[in-house]
Amino acid sequence: MDFYERVKIILAEIPEGRVATYGQIALLCGRPKNSRQVGYALNRGLAGKGAPAHRVVNSRGILSGAASFDTPDMQKQLLESEGVEVFWEKDGWRVDLKKFGWKHTMEDAVRFHAMLKK
DNA sequence: TCCTTGACCTACT
DNA sequence: AAGTAGGCCAAGG
């Protein structure tokens, strides 16, 4: 199964009101070292149309600076509409991963692995 | 092929 | 706490 298809599947599993990191997505896709490709996928829209790309941030909780969204603050808007606090820190908009980071269980990981057949 | 480019990550100063 | 360095790897030229 294609890596980008896997990304699409995992993205659909991120709960509303929570955010996941690129590395986390890559890990759950069974490709721990492909965090950059996750970004590539979202940037190029390879993860499908309705993909919740706004729920993905980097390891420090910083929102993507690359404006692949219609408007610069769209990602922030979408997150806030889901109840996620977004605040400005030095160089960019950020969320507290301690509070809003998606903490998937081991069971989740196993379940996802089963979905990623082949 | 080789080289450059990234919505990245970790470890180390 | 903040900045650097090296590592990663698929795409595209």
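Just so it is clear, the structure is predicted and the values come from calculations on it, not from any experiment. Numbered from 1 within each chain, the chains take letters A, B, ... in sequence-line order.
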Side chains of A/Glu82 and A/His54: any donor to acceptor distance under 3.5 Å?
yes

Around atom NZ of A/Lys103, are there more than 12 heavy atoms of other residues, nucleotides or ligands at under 6.0 Å?
yes

Quick one: does A/Ile62's side chain get under 4.5 Å of A/Val57's, heavy atoms only?
no

With a 3.5 Å distance limit and no angle check, can you tell me whether A/Arg94 reaches the backbone of A/Val86 through a side-chain donor-acceptor pair?
no

How many Å lie between CG on A/Asn58 and P on B/dA7, as a whole number?
12 Å

Contact nearer the 5' end of DNA chain C, comparing A/Leu46 with A/Glu89:
A/Glu89

Worked check of salt bridge (Lys or Arg N to Asp or Glu O under 4.0 Å) between A/Lys76 and A/Glu80:
CA-CA 6 Å; A/Lys76 173 174 175 289; A/Glu80 291 182 329; 3.3 Å; yes

Give the residues of residues 24-40 of chain A touching DNA chain C, defined as any heavy atom closer than 4.0 Å, sorted by residue number.
A/Lys33, A/Asn34, A/Arg36, A/Gln37, A/Tyr40

Measure from the side-chain N and O atoms of A/Asn34 to the backbone N and O of A/Gln37, and report whether any donor-acceptor pair falls under 3.5 Å.
no

Residue of the set A/Gln75, A/Glu16, A/Arg18 for which side-chain contact (heavy atoms from CB on, under 4.5 Å) holds with A/Arg55
A/Glu16

Along DNA chain C, first and last positions that approach a heavy atom of chain A under 4.0 Å:
C/dA2 to C/dG12

Side chain to side chain donor-acceptor pair (under 3.5 Å) between A/Gln24 and A/His104: does it pass, once the steps are laid out?
CA-CA 9 Å; A/Gln24 183 174 22; A/His104 68 269; 2.9 Å; yes

